2 protein chains.
Amino acid sequence: MKPCILLIEDDSDMRELVAGHLEHGGFDVQRADDGIKGQALALQYGPDVILLDLMLPKVDGLTLCQRLRRDERTARIPILMITALGGTKDKVSGFNSGADDYLTKPFDLEELMVRVKALLRRSERAPLSSKHNEILSFGSLTLVPERLEAIWFDEPVRLTHLEFELLHCLLQRHGQTVAPSLILKEVWGYEPDDDIETIRVHVRHLRTKLEPDPRKPRFIKTVYGAGYCLELPTGDQIAALEPVMREARAARPAQARAKGGQAA
Amino acid sequence: MKPCILLIEDDSDMRELVAGHLEHGGFDVQRADDGIKGQALALQYGPDVILLDLMLPKVDGLTLCQRLRRDERTARIPILMITALGGTKDKVSGFNSGADDYLTKPFDLEELMVRVKALLRRSERAPLSSKHNEILSFGSLTLVPERLEAIWFDEPVRLTHLEFELLHCLLQRHGQTVAPSLILKEVWGYEPDDDIETIRVHVRHLRTKLEPDPRKPRFIKTVYGAGYCLELPTGDQIAALEPVMREARAARPAQARAKGGQAA
DNA sequence: GACACTCCCGAAGAAATCCTGAAGATGTCC
DNA sequence: GGACATCTTCAGGATTTCTTCGGGAGTGTC
(Lines give C-alpha, C1' and ligand atoms only; values in the text may rest on other atoms or scores of the structure.)
Protein backbone atom coordinates (compact mmCIF):
# COMPACT_ATOMS: atom_id res chain seq x y z
CA MET A 1 0.00 0.00 0.00
CA LYS A 2 1.51 3.27 -1.13
CA PRO A 3 1.61 6.09 1.40
CA CYS A 4 -0.58 9.00 0.33
CA ILE A 5 0.78 12.53 0.23
CA LEU A 6 -1.21 15.70 -0.19
CA LEU A 7 0.72 18.44 -1.92
CA ILE A 8 -0.69 21.95 -1.62
CA GLU A 9 1.24 24.33 -3.84
CA ASP A 10 0.03 27.06 -6.17
CA ASP A 11 2.97 27.27 -8.55
CA SER A 12 2.26 24.62 -11.16
CA ASP A 13 5.86 24.08 -12.25
CA MET A 14 7.01 23.53 -8.73
CA ARG A 15 4.00 21.38 -7.98
CA GLU A 16 4.57 18.99 -10.84
CA LEU A 17 8.28 18.82 -10.19
CA VAL A 18 7.77 17.82 -6.58
CA ALA A 19 4.81 15.56 -7.30
CA GLY A 20 6.68 13.76 -10.02
CA HIS A 21 9.63 13.13 -7.78
CA LEU A 22 7.45 11.82 -5.00
CA GLU A 23 5.49 9.55 -7.28
CA HIS A 24 8.70 8.22 -8.68
CA GLY A 25 9.77 7.54 -5.12
CA GLY A 26 6.74 5.34 -4.56
CA PHE A 27 4.17 7.68 -3.12
CA ASP A 28 0.61 8.42 -4.06
CA VAL A 29 0.31 12.17 -4.59
CA GLN A 30 -2.82 14.30 -4.42
CA ARG A 31 -2.48 17.83 -5.73
CA ALA A 32 -4.14 21.06 -4.69
CA ASP A 33 -3.40 24.57 -5.90
CA ASP A 34 -5.06 26.60 -3.18
CA GLY A 35 -6.01 26.40 0.45
CA ILE A 36 -9.68 25.63 -0.04
CA LYS A 37 -9.08 22.65 -2.26
CA GLY A 38 -6.28 21.55 0.00
CA GLN A 39 -8.57 21.39 2.99
CA ALA A 40 -11.22 19.51 1.05
CA LEU A 41 -8.74 16.95 -0.21
CA ALA A 42 -7.27 16.49 3.22
CA LEU A 43 -10.70 15.50 4.51
CA GLN A 44 -11.53 13.39 1.50
CA TYR A 45 -8.41 11.28 1.32
CA GLY A 46 -6.94 11.45 4.80
CA PRO A 47 -3.35 11.56 3.53
CA ASP A 48 -0.41 10.26 5.53
CA VAL A 49 1.57 13.46 5.12
CA ILE A 50 0.68 16.97 3.98
CA LEU A 51 3.13 19.21 2.14
CA LEU A 52 1.99 22.76 2.59
CA ASP A 53 3.27 25.85 0.87
CA LEU A 54 3.12 28.97 2.97
CA MET A 55 2.11 31.36 0.21
CA LEU A 56 -1.21 30.29 -1.15
CA PRO A 57 -4.21 31.93 -2.77
CA LYS A 58 -7.62 31.93 -1.03
CA VAL A 59 -6.40 30.61 2.31
CA ASP A 60 -2.78 31.01 3.25
CA GLY A 61 -0.68 28.19 4.58
CA LEU A 62 -0.65 29.24 8.20
CA THR A 63 -4.38 29.54 8.46
CA LEU A 64 -4.90 26.27 6.70
CA CYS A 65 -2.43 24.61 8.98
CA GLN A 66 -4.31 25.81 12.02
CA ARG A 67 -7.61 24.65 10.57
CA LEU A 68 -6.24 21.22 9.84
CA ARG A 69 -4.97 20.97 13.38
CA ARG A 70 -8.28 22.01 14.79
CA ASP A 71 -10.27 19.41 12.93
CA GLU A 72 -10.25 16.11 14.73
CA ARG A 73 -10.11 14.20 11.46
CA THR A 74 -6.94 15.87 10.23
CA ALA A 75 -5.37 16.90 13.51
CA ARG A 76 -2.77 14.16 13.65
CA ILE A 77 -1.59 14.20 10.07
CA PRO A 78 2.03 15.33 9.95
CA ILE A 79 2.45 18.62 8.13
CA LEU A 80 5.61 19.69 6.39
CA MET A 81 5.64 23.36 5.65
CA ILE A 82 7.43 24.81 2.68
CA THR A 83 8.56 28.39 2.98
CA ALA A 84 11.03 31.00 1.97
CA LEU A 85 12.90 31.73 5.17
CA GLY A 86 14.46 35.06 5.94
CA GLY A 87 11.35 36.98 5.05
CA THR A 88 9.21 38.69 7.57
CA LYS A 89 9.41 37.56 11.15
CA ASP A 90 5.74 36.74 11.10
CA LYS A 91 6.40 33.76 8.96
CA VAL A 92 9.00 32.36 11.24
CA SER A 93 7.02 32.98 14.36
CA GLY A 94 4.08 31.48 12.55
CA PHE A 95 5.55 28.01 12.60
CA ASN A 96 3.72 27.50 15.80
CA SER A 97 0.49 27.00 13.94
CA GLY A 98 1.13 23.31 14.26
CA ALA A 99 3.55 22.21 11.55
CA ASP A 100 5.87 19.31 12.32
CA ASP A 101 8.75 20.22 10.07
CA TYR A 102 9.67 22.81 7.52
CA LEU A 103 11.71 23.22 4.40
CA THR A 104 12.98 26.40 2.84
CA LYS A 105 12.95 27.16 -0.84
CA PRO A 106 14.91 26.33 -2.79
CA PHE A 107 15.30 22.85 -1.42
CA ASP A 108 16.84 19.63 -2.54
CA LEU A 109 14.34 17.08 -3.75
CA GLU A 110 16.21 14.32 -2.01
CA GLU A 111 16.08 16.18 1.26
CA LEU A 112 12.35 16.54 0.86
CA MET A 113 12.17 12.79 0.40
CA VAL A 114 14.13 12.15 3.56
CA ARG A 115 11.94 14.44 5.59
CA VAL A 116 8.72 12.97 4.28
CA LYS A 117 9.90 9.51 5.15
CA ALA A 118 10.96 10.69 8.57
CA LEU A 119 7.49 12.06 9.18
CA LEU A 120 5.93 8.80 8.08
CA ARG A 121 8.18 6.85 10.38
CA ARG A 122 7.42 9.07 13.28
CA SER A 123 3.68 8.91 12.90
CA GLU A 124 3.94 5.14 13.10
CA ARG A 125 5.75 4.80 16.37
CA ALA A 126 4.67 8.01 18.10
CA PRO A 127 1.02 8.36 17.21
CA LEU A 128 0.56 11.73 18.85
CA SER A 129 2.78 14.27 20.49
CA SER A 130 4.11 11.93 23.13
CA LYS A 131 6.68 14.35 24.32
CA HIS A 132 7.46 17.55 22.54
CA ASN A 133 7.48 17.14 18.84
CA GLU A 134 5.52 20.19 18.05
CA ILE A 135 7.09 23.34 16.78
CA LEU A 136 7.19 25.84 19.60
CA SER A 137 7.70 29.52 19.01
CA PHE A 138 8.27 32.48 21.26
CA GLY A 139 9.24 35.86 19.89
CA SER A 140 12.50 35.53 18.01
CA LEU A 141 12.99 31.90 18.97
CA THR A 142 11.42 28.88 17.33
CA LEU A 143 12.13 25.32 18.36
CA VAL A 144 11.81 22.62 15.74
CA PRO A 145 12.00 19.24 17.48
CA GLU A 146 11.87 17.30 14.24
CA ARG A 147 15.32 18.47 13.29
CA LEU A 148 16.75 19.48 16.64
CA GLU A 149 17.00 23.02 15.57
CA ALA A 150 16.33 26.47 16.86
CA ILE A 151 15.45 29.27 14.52
CA TRP A 152 16.98 32.22 16.25
CA PHE A 153 16.56 35.66 14.77
CA ASP A 154 15.69 34.22 11.37
CA GLU A 155 18.63 31.90 11.23
CA PRO A 156 18.61 28.19 11.97
CA VAL A 157 20.92 27.02 14.74
CA ARG A 158 21.69 23.39 15.11
CA LEU A 159 21.39 21.97 18.61
CA THR A 160 22.24 18.68 20.19
CA HIS A 161 19.62 16.59 21.87
CA LEU A 162 20.41 17.76 25.39
CA GLU A 163 20.84 21.35 24.36
CA PHE A 164 17.44 21.21 22.77
CA GLU A 165 15.80 19.69 25.81
CA LEU A 166 17.48 22.18 28.07
CA LEU A 167 16.39 25.13 25.99
CA HIS A 168 12.92 23.68 25.78
CA CYS A 169 12.81 23.33 29.53
CA LEU A 170 13.84 26.94 30.03
CA LEU A 171 11.47 28.22 27.37
CA GLN A 172 8.55 26.46 28.99
CA ARG A 173 9.32 28.45 32.11
CA HIS A 174 10.16 31.66 30.37
CA GLY A 175 10.94 34.47 32.76
CA GLN A 176 11.13 32.16 35.72
CA THR A 177 14.30 31.05 37.37
CA VAL A 178 14.63 27.32 37.00
CA ALA A 179 16.47 25.50 39.74
CA PRO A 180 19.12 22.95 38.77
CA SER A 181 17.22 20.18 40.49
CA LEU A 182 14.22 20.80 38.29
CA ILE A 183 16.34 20.91 35.16
CA LEU A 184 17.93 17.63 36.11
CA LYS A 185 14.57 16.04 36.67
CA GLU A 186 13.08 17.31 33.44
CA VAL A 187 15.99 17.01 31.02
CA TRP A 188 18.03 14.19 32.47
CA GLY A 189 15.35 12.36 34.37
CA TYR A 190 17.53 12.24 37.42
CA GLU A 191 16.20 12.30 40.90
CA PRO A 192 17.50 14.34 43.79
CA ASP A 193 21.10 13.99 42.65
CA ASP A 194 22.99 17.15 42.05
CA ASP A 195 25.26 16.96 39.08
CA ILE A 196 25.12 20.62 38.49
CA GLU A 197 28.38 20.68 36.62
CA THR A 198 26.92 19.03 33.56
CA ILE A 199 24.16 21.60 33.38
CA ARG A 200 26.70 24.38 33.41
CA VAL A 201 28.54 23.00 30.45
CA HIS A 202 25.40 22.67 28.39
CA VAL A 203 24.25 26.12 29.33
CA ARG A 204 27.57 27.36 28.11
CA HIS A 205 27.13 25.57 24.83
CA LEU A 206 23.73 27.13 24.40
CA ARG A 207 25.21 30.51 25.11
CA THR A 208 27.96 30.16 22.57
CA LYS A 209 25.33 29.29 20.02
CA LEU A 210 22.74 31.92 20.88
CA GLU A 211 24.31 34.81 22.72
CA PRO A 212 26.07 37.60 20.85
CA ASP A 213 28.63 37.69 23.63
CA PRO A 214 28.60 34.47 25.65
CA ARG A 215 30.67 36.13 28.34
CA LYS A 216 27.87 38.55 29.03
CA PRO A 217 24.67 36.63 28.63
CA ARG A 218 21.61 38.64 27.69
CA PHE A 219 19.06 35.92 27.28
CA ILE A 220 20.17 32.91 29.28
CA LYS A 221 20.83 34.50 32.59
CA THR A 222 22.21 32.89 35.67
CA VAL A 223 20.72 33.73 39.00
CA TYR A 224 23.47 33.21 41.51
CA GLY A 225 22.68 30.42 43.87
CA ALA A 226 19.28 29.80 42.35
CA GLY A 227 19.42 28.57 38.78
CA TYR A 228 19.03 29.82 35.23
CA CYS A 229 16.46 32.08 33.70
CA LEU A 230 15.54 32.60 30.05
CA GLU A 231 14.58 36.12 29.09
CA LEU A 232 13.71 36.49 25.44
CA PRO A 233 13.02 39.80 23.76
CA THR A 234 9.47 40.65 22.79
CA GLY A 235 7.82 43.23 20.62
CA ASP A 236 10.04 46.13 19.72
CA GLN A 237 13.04 44.67 21.45
CA ILE A 238 13.35 42.08 18.71
CA ALA A 239 13.75 44.63 15.97
CA ALA A 240 16.14 46.62 18.12
CA LEU A 241 18.36 43.61 18.66
CA GLU A 242 18.57 42.50 15.07
CA PRO A 243 21.57 44.63 14.08
CA VAL A 244 23.41 43.44 17.18
CA MET A 245 22.80 39.82 16.29
CA ARG A 246 23.81 40.37 12.70
CA GLU A 247 27.05 41.98 13.72
CA ALA A 248 27.87 39.26 16.21
CA ARG A 249 27.31 36.63 13.58
CA ALA A 250 29.50 38.39 11.09
CA ALA A 251 32.27 38.59 13.67
CA ARG A 252 32.20 34.91 14.44
CA PRO A 253 32.81 32.29 11.79
CA ALA A 254 29.50 30.82 10.75
CA GLN A 255 30.86 27.31 11.06
CA ALA A 256 31.45 27.79 14.75
CA ARG A 257 27.74 28.23 15.24
CA ALA A 258 26.31 25.82 12.75
CA LYS A 259 28.48 22.78 13.21
CA GLY A 260 31.03 22.52 15.95
CA GLY A 261 29.61 25.18 18.15
CA GLN A 262 31.21 24.21 21.42
CA ALA A 263 34.47 22.54 20.51
CA ALA A 264 35.63 25.16 18.08
CA MET B 1 -9.14 17.88 33.99
CA LYS B 2 -8.77 21.06 31.95
CA PRO B 3 -7.07 24.01 33.58
CA CYS B 4 -9.43 26.93 34.00
CA ILE B 5 -8.51 30.39 32.78
CA LEU B 6 -10.30 33.61 33.53
CA LEU B 7 -10.00 36.15 30.75
CA ILE B 8 -10.85 39.73 31.64
CA GLU B 9 -10.88 41.88 28.52
CA ASP B 10 -13.31 44.52 27.36
CA ASP B 11 -12.69 44.43 23.63
CA SER B 12 -14.95 41.67 22.36
CA ASP B 13 -12.95 40.88 19.20
CA MET B 14 -9.75 40.49 21.12
CA ARG B 15 -11.50 38.53 23.82
CA GLU B 16 -12.94 35.96 21.49
CA LEU B 17 -9.72 35.63 19.56
CA VAL B 18 -7.73 34.88 22.67
CA ALA B 19 -10.43 32.74 24.24
CA GLY B 20 -10.80 30.67 21.11
CA HIS B 21 -7.12 30.03 20.91
CA LEU B 22 -6.91 29.04 24.52
CA GLU B 23 -9.90 26.75 24.28
CA HIS B 24 -8.39 25.09 21.28
CA GLY B 25 -5.25 24.64 23.29
CA GLY B 26 -7.15 22.64 25.85
CA PHE B 27 -8.17 25.20 28.42
CA ASP B 28 -11.46 26.04 29.98
CA VAL B 29 -12.05 29.76 29.50
CA GLN B 30 -14.31 32.03 31.54
CA ARG B 31 -14.90 35.47 30.08
CA ALA B 32 -15.46 38.83 31.72
CA ASP B 33 -15.72 42.24 30.04
CA ASP B 34 -15.15 44.50 33.01
CA GLY B 35 -13.41 44.55 36.34
CA ILE B 36 -16.48 43.96 38.50
CA LYS B 37 -17.53 40.83 36.68
CA GLY B 38 -13.94 39.73 36.60
CA GLN B 39 -13.64 39.86 40.33
CA ALA B 40 -16.91 38.03 40.80
CA LEU B 41 -15.92 35.25 38.43
CA ALA B 42 -12.53 34.92 40.05
CA LEU B 43 -14.25 34.19 43.34
CA GLN B 44 -16.88 31.97 41.81
CA TYR B 45 -14.66 29.71 39.75
CA GLY B 46 -11.26 29.95 41.38
CA PRO B 47 -9.42 29.79 38.05
CA ASP B 48 -5.88 28.47 37.70
CA VAL B 49 -4.67 31.54 35.83
CA ILE B 50 -6.11 35.00 35.29
CA LEU B 51 -5.51 37.01 32.12
CA LEU B 52 -6.07 40.63 32.93
CA ASP B 53 -6.24 43.54 30.55
CA LEU B 54 -4.92 46.77 31.96
CA MET B 55 -7.50 49.04 30.40
CA LEU B 56 -10.89 48.11 31.70
CA PRO B 57 -14.20 49.84 32.35
CA LYS B 58 -15.55 50.10 35.90
CA VAL B 59 -12.40 48.94 37.67
CA ASP B 60 -9.05 49.16 35.93
CA GLY B 61 -6.62 46.30 35.75
CA LEU B 62 -4.12 47.51 38.31
CA THR B 63 -6.72 48.08 40.95
CA LEU B 64 -8.37 44.76 40.30
CA CYS B 65 -5.01 43.06 40.46
CA GLN B 66 -4.35 44.52 43.86
CA ARG B 67 -7.78 43.55 45.10
CA LEU B 68 -7.35 40.00 43.94
CA ARG B 69 -4.04 39.83 45.72
CA ARG B 70 -5.50 41.13 48.92
CA ASP B 71 -8.26 38.58 49.06
CA GLU B 72 -7.11 35.38 50.65
CA ARG B 73 -9.20 33.29 48.28
CA THR B 74 -7.65 34.70 45.12
CA ALA B 75 -4.29 35.83 46.44
CA ARG B 76 -2.29 32.96 45.05
CA ILE B 77 -3.77 32.72 41.58
CA PRO B 78 -1.15 33.64 38.98
CA ILE B 79 -2.04 36.78 37.06
CA LEU B 80 -0.86 37.57 33.55
CA MET B 81 -1.32 41.21 32.72
CA ILE B 82 -2.00 42.43 29.21
CA THR B 83 -1.50 46.00 28.13
CA ALA B 84 -1.18 48.09 25.02
CA LEU B 85 1.67 50.18 26.32
CA GLY B 86 5.14 48.85 25.99
CA GLY B 87 6.83 51.16 28.44
CA THR B 88 8.83 49.48 31.14
CA LYS B 89 7.18 51.84 33.55
CA ASP B 90 3.85 50.15 33.19
CA LYS B 91 5.50 46.82 33.21
CA VAL B 92 7.02 47.11 36.60
CA SER B 93 4.06 48.87 38.08
CA GLY B 94 2.15 45.87 36.85
CA PHE B 95 4.49 43.60 38.72
CA ASN B 96 4.23 45.96 41.60
CA SER B 97 0.53 45.49 41.97
CA GLY B 98 1.05 41.78 42.09
CA ALA B 99 1.04 40.47 38.53
CA ASP B 100 3.22 37.45 37.82
CA ASP B 101 3.89 38.07 34.17
CA TYR B 102 3.25 40.67 31.57
CA LEU B 103 2.48 40.89 27.88
CA THR B 104 2.16 43.87 25.54
CA LYS B 105 -0.27 44.19 22.66
CA PRO B 106 0.04 43.17 19.98
CA PHE B 107 1.27 39.79 21.07
CA ASP B 108 1.73 36.45 19.48
CA LEU B 109 -0.94 33.96 20.46
CA GLU B 110 1.59 31.18 20.80
CA GLU B 111 3.68 33.33 23.05
CA LEU B 112 0.65 33.87 25.23
CA MET B 113 0.22 30.11 25.33
CA VAL B 114 3.79 29.57 26.46
CA ARG B 115 3.44 32.13 29.20
CA VAL B 116 0.16 30.73 30.45
CA LYS B 117 1.62 27.26 30.61
CA ALA B 118 4.66 28.63 32.37
CA LEU B 119 2.42 30.14 35.01
CA LEU B 120 0.57 26.88 35.44
CA ARG B 121 3.90 25.24 36.03
CA ARG B 122 4.78 27.62 38.78
CA SER B 123 3.42 25.37 41.44
CA GLU B 124 5.99 22.71 40.70
CA ARG B 125 8.94 25.01 40.68
CA ALA B 126 11.53 24.48 43.33
CA PRO B 127 11.42 27.23 45.88
CA LEU B 128 14.48 29.38 45.41
CA SER B 129 14.58 31.11 48.70
CA SER B 130 14.14 28.08 50.87
CA LYS B 131 10.72 28.78 52.30
CA HIS B 132 8.88 31.53 50.54
CA ASN B 133 7.40 31.04 47.17
CA GLU B 134 4.87 33.73 46.75
CA ILE B 135 5.01 37.30 45.69
CA LEU B 136 4.76 39.61 48.65
CA SER B 137 3.87 43.22 48.06
CA PHE B 138 3.47 46.30 50.17
CA GLY B 139 3.12 49.78 48.72
CA SER B 140 6.14 50.56 46.60
CA LEU B 141 7.93 47.31 47.42
CA THR B 142 7.34 43.93 45.86
CA LEU B 143 9.34 40.82 46.60
CA VAL B 144 9.63 38.30 43.80
CA PRO B 145 11.10 35.09 45.18
CA GLU B 146 11.02 33.77 41.67
CA ARG B 147 14.03 35.83 40.74
CA LEU B 148 15.39 36.88 44.08
CA GLU B 149 14.36 40.38 43.19
CA ALA B 150 12.70 43.33 44.78
CA ILE B 151 10.66 45.72 42.71
CA TRP B 152 11.33 48.99 44.44
CA PHE B 153 9.69 52.15 43.17
CA ASP B 154 9.11 50.61 39.76
CA GLU B 155 12.62 49.35 39.32
CA PRO B 156 13.92 45.85 39.85
CA VAL B 157 16.69 45.44 42.39
CA ARG B 158 18.63 42.24 42.52
CA LEU B 159 19.13 40.76 45.94
CA THR B 160 21.18 37.94 47.32
CA HIS B 161 19.66 35.06 49.22
CA LEU B 162 20.28 36.47 52.65
CA GLU B 163 19.33 39.98 51.67
CA PHE B 164 16.09 38.65 50.32
CA GLU B 165 15.33 36.63 53.41
CA LEU B 166 16.20 39.51 55.63
CA LEU B 167 13.99 41.94 53.76
CA HIS B 168 11.24 39.38 53.69
CA CYS B 169 11.52 38.95 57.42
CA LEU B 170 11.26 42.68 57.99
CA LEU B 171 8.42 43.14 55.52
CA GLN B 172 6.36 40.46 57.20
CA ARG B 173 6.62 42.48 60.39
CA HIS B 174 6.21 45.84 58.75
CA GLY B 175 6.16 48.67 61.25
CA GLN B 176 7.31 46.44 64.05
CA THR B 177 10.77 46.44 65.50
CA VAL B 178 12.37 43.08 64.91
CA ALA B 179 14.92 41.91 67.44
CA PRO B 180 18.24 40.54 66.20
CA SER B 181 17.61 37.23 67.91
CA LEU B 182 14.42 36.79 65.93
CA ILE B 183 16.13 37.72 62.68
CA LEU B 184 18.85 35.23 63.37
CA LYS B 185 16.35 32.50 64.04
CA GLU B 186 14.25 33.28 60.99
CA VAL B 187 16.89 34.08 58.40
CA TRP B 188 19.89 32.13 59.55
CA GLY B 189 18.21 29.40 61.49
CA TYR B 190 20.51 30.01 64.38
CA GLU B 191 19.52 29.59 67.94
CA PRO B 192 20.13 32.09 70.74
CA ASP B 193 23.65 32.83 69.54
CA ASP B 194 24.45 36.43 68.95
CA ASP B 195 26.24 37.04 65.72
CA ILE B 196 24.72 40.43 65.45
CA GLU B 197 27.56 41.81 63.42
CA THR B 198 26.59 39.81 60.37
CA ILE B 199 23.09 41.17 60.48
CA ARG B 200 24.46 44.70 60.51
CA VAL B 201 26.44 44.15 57.37
CA HIS B 202 23.49 42.76 55.50
CA VAL B 203 21.25 45.55 56.66
CA ARG B 204 23.84 47.89 55.30
CA HIS B 205 23.81 46.14 51.98
CA LEU B 206 20.06 46.42 51.83
CA ARG B 207 20.31 50.09 52.58
CA THR B 208 22.81 50.77 49.85
CA LYS B 209 20.47 49.06 47.45
CA LEU B 210 17.22 50.62 48.59
CA GLU B 211 17.83 53.85 50.44
CA PRO B 212 18.39 57.12 48.55
CA ASP B 213 20.95 58.04 51.20
CA PRO B 214 22.19 54.98 53.07
CA ARG B 215 23.73 57.20 55.71
CA LYS B 216 20.32 58.48 56.67
CA PRO B 217 17.96 55.57 56.42
CA ARG B 218 14.34 56.44 55.75
CA PHE B 219 12.87 53.01 55.37
CA ILE B 220 15.06 50.51 57.15
CA LYS B 221 15.39 52.16 60.50
CA THR B 222 17.42 51.02 63.41
CA VAL B 223 15.88 51.13 66.84
CA TYR B 224 18.70 51.62 69.25
CA GLY B 225 19.18 48.64 71.45
CA ALA B 226 16.12 46.84 70.12
CA GLY B 227 16.54 45.88 66.48
CA TYR B 228 15.47 47.03 63.03
CA CYS B 229 12.18 48.29 61.74
CA LEU B 230 10.88 48.58 58.19
CA GLU B 231 8.73 51.62 57.46
CA LEU B 232 7.50 51.80 53.90
CA PRO B 233 5.64 54.75 52.43
CA THR B 234 1.93 54.44 51.77
CA GLY B 235 -0.64 56.31 49.74
CA ASP B 236 0.41 59.81 48.77
CA GLN B 237 3.86 59.39 50.26
CA ILE B 238 4.80 57.08 47.43
CA ALA B 239 4.12 59.63 44.74
CA ALA B 240 5.84 62.29 46.80
CA LEU B 241 8.96 60.20 47.11
CA GLU B 242 9.27 59.24 43.48
CA PRO B 243 11.30 62.28 42.36
CA VAL B 244 13.65 61.76 45.29
CA MET B 245 14.25 58.16 44.30
CA ARG B 246 14.74 59.07 40.68
CA GLU B 247 17.31 61.67 41.54
CA ALA B 248 19.19 59.37 43.87
CA ARG B 249 19.36 56.72 41.18
CA ALA B 250 20.62 59.15 38.61
CA ALA B 251 23.35 60.29 40.98
CA ARG B 252 24.60 56.80 41.65
CA PRO B 253 25.90 54.62 38.87
CA ALA B 254 23.25 52.13 37.93
CA GLN B 255 25.71 49.29 38.10
CA ALA B 256 26.30 49.90 41.77
CA ARG B 257 22.69 49.06 42.45
CA ALA B 258 22.06 46.32 39.99
CA LYS B 259 25.22 44.30 40.19
CA GLY B 260 27.88 44.89 42.82
CA GLY B 261 25.77 46.88 45.19
CA GLN B 262 27.82 46.39 48.28
CA ALA B 263 31.39 45.92 47.16
CA ALA B 264 31.47 48.80 44.73
C1' DG C 1 32.59 64.96 80.63
C1' DA C 2 33.78 59.92 81.48
C1' DC C 3 32.26 55.63 80.54
C1' DA C 4 30.01 51.61 78.67
C1' DC C 5 27.40 50.23 75.15
C1' DT C 6 25.64 49.99 70.47
C1' DC C 7 25.97 50.90 65.86
C1' DC C 8 28.21 52.21 61.22
C1' DC C 9 31.99 52.06 57.92
C1' DG C 10 35.65 50.23 55.07
C1' DA C 11 38.06 46.56 53.89
C1' DA C 12 39.95 42.11 53.79
C1' DG C 13 39.71 37.21 54.36
C1' DA C 14 36.79 32.96 53.81
C1' DA C 15 33.44 30.41 51.47
C1' DA C 16 30.34 29.34 48.00
C1' DT C 17 29.24 29.46 43.30
C1' DC C 18 30.16 29.96 38.56
C1' DC C 19 32.94 30.06 34.23
C1' DT C 20 36.69 28.41 31.25
C1' DG C 21 39.45 25.33 28.78
C1' DA C 22 40.49 20.96 27.91
C1' DA C 23 40.74 16.10 28.48
C1' DG C 24 38.51 11.51 28.80
C1' DA C 25 34.37 8.47 27.70
C1' DT C 26 30.94 6.94 24.72
C1' DG C 27 28.60 6.07 20.62
C1' DT C 28 27.94 6.51 15.53
C1' DC C 29 29.00 6.42 10.80
C1' DC C 30 31.95 5.48 6.97
C1' DG D 1 39.97 1.32 12.96
C1' DG D 2 39.56 6.27 12.42
C1' DA D 3 37.06 10.50 12.03
C1' DC D 4 33.44 12.75 14.17
C1' DA D 5 29.91 14.45 17.24
C1' DT D 6 28.14 14.28 21.78
C1' DC D 7 28.24 13.88 26.66
C1' DT D 8 30.63 13.90 30.97
C1' DT D 9 34.23 15.05 34.23
C1' DC D 10 37.85 17.79 36.23
C1' DA D 11 41.19 21.36 37.69
C1' DG D 12 42.29 26.18 37.77
C1' DG D 13 40.74 30.77 37.90
C1' DA D 14 37.28 34.44 38.13
C1' DT D 15 33.16 36.22 40.37
C1' DT D 16 29.85 36.72 43.81
C1' DT D 17 28.46 36.27 48.39
C1' DC D 18 29.17 35.79 53.34
C1' DT D 19 31.66 36.60 57.48
C1' DT D 20 34.98 38.81 60.44
C1' DC D 21 37.60 42.65 62.32
C1' DG D 22 39.49 47.22 63.70
C1' DG D 23 38.62 51.99 63.86
C1' DG D 24 35.39 55.50 64.58
C1' DA D 25 30.92 57.66 65.36
C1' DG D 26 26.64 57.82 67.88
C1' DT D 27 23.66 56.99 72.23
C1' DG D 28 22.47 56.67 76.91
C1' DT D 29 23.86 56.78 81.93
C1' DC D 30 26.13 58.49 85.77
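Below, read A as the first sequence line, B as the second, and so on, with proteins coming before strands; counting in each chain starts at 1. Just so it is clear, the model here is predicted, and its values are computed rather than measured.
A:R147 forms a cation-pi arrangement with A:Y102, by the criterion of a distance under 6.0 Å to the ring centre and an angle within 45° of the ring axis.
Atom pair B:D195:CG and D:dT20:P shows a separation of 5 Å (rounding to whole Å applied). Straight-line distance from the CG atom of B:L159 to the C1' atom of D:dT16: 14 Å, rounded to whole Å. Between the CZ atom of B:R204 and the P atom of C:dA12 there is a distance of 13 Å, rounded to whole Å. Note: CD1 (A:I199) to P (C:dT17) measures 14 Å, nearest angstrom. The interatomic distance linking A:K209 (NZ) with D:dA5 (C1') rounds to 10 Å, in whole Å. The distance between atom CD1 of B:I196 and atom P of D:dC18, rounded to the nearest whole Å, is 19 Å. In this structure, B:L166 places its CG atom 13 Å from C1' of D:dC18, rounding to the nearest Å. In this structure, CG of A:L206 is placed 13 Å from P of D:dT6, rounded to the nearest angstrom.
Applying the 4.0 Å criterion to OP1 and OP2 of D:dT9, one finds that A:T198 has a side-chain N or O inside that range. Of the side-chain N and O atoms in B:T160, one or more sit less than 4.0 angstrom from OP1 or OP2 of D:dC18. Distances shown here put a side-chain N or O of B:W188 below 4.0 Å from the OP1 or OP2 atom of D:dT19. Note on A:Y224: every side-chain N or O is 4.0 Å or more away from OP1 and OP2 of C:dA15. Here B:R200 does not reach the OP1 or OP2 of C:dT6: none of its side-chain N or O atoms lies under 4.0 Å away.
Nearest heavy atoms, A:M113 versus A:H21: CE-O, 3.6 Å. Smallest separation of non-hydrogen atoms from A:I77 and A:R69: O-NH1, 3.1 Å.
Closest approach to the A:L162 side chain among D:dT9, D:dT19, D:dC7 is made by D:dC7 (side chain taken as heavy atoms from C-beta onward). The B:E197 side chain lies nearest to D:dC21 when the options are C:dC19, D:dC21, D:dT19.
Within a 6.0 Å radius of CG in B:D236, other residues, nucleotides and ligands contribute 12 heavy atoms or fewer.
Residue contacts for A:R215: at a heavy-atom cut-off of 4.0 Å it reaches the sugar-phosphate backbone alone, with no base atom in range.
By the 30° and 60° cut-offs, the orientation of the rings of A:H202 relative to A:H205 is perpendicular.
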Show every donor-acceptor pair shorter than 3.5 Å between a side-chain atom in residues 212-226 of chain A and any protein atom, with sequence neighbours excluded, or say none if there are none.
unit_1, atom_1, unit_2, atom_2, d
A:D213, OD1, A:R215, N, 3.1
A:K221, NZ, A:E231, OE1, 3.3

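Taking the side chain as every heavy atom from C-beta outward, B:L210 and B:L167 approach each other to under 4.5 Å.
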### Task
Would you mind building the protein contact string for nucleotides 25-30 of chain C? One character per nucleotide, 5' to 3', B for base within reach (heavy atoms under 4.0 Å), S for sugar-phosphate only, - for untouched.
------
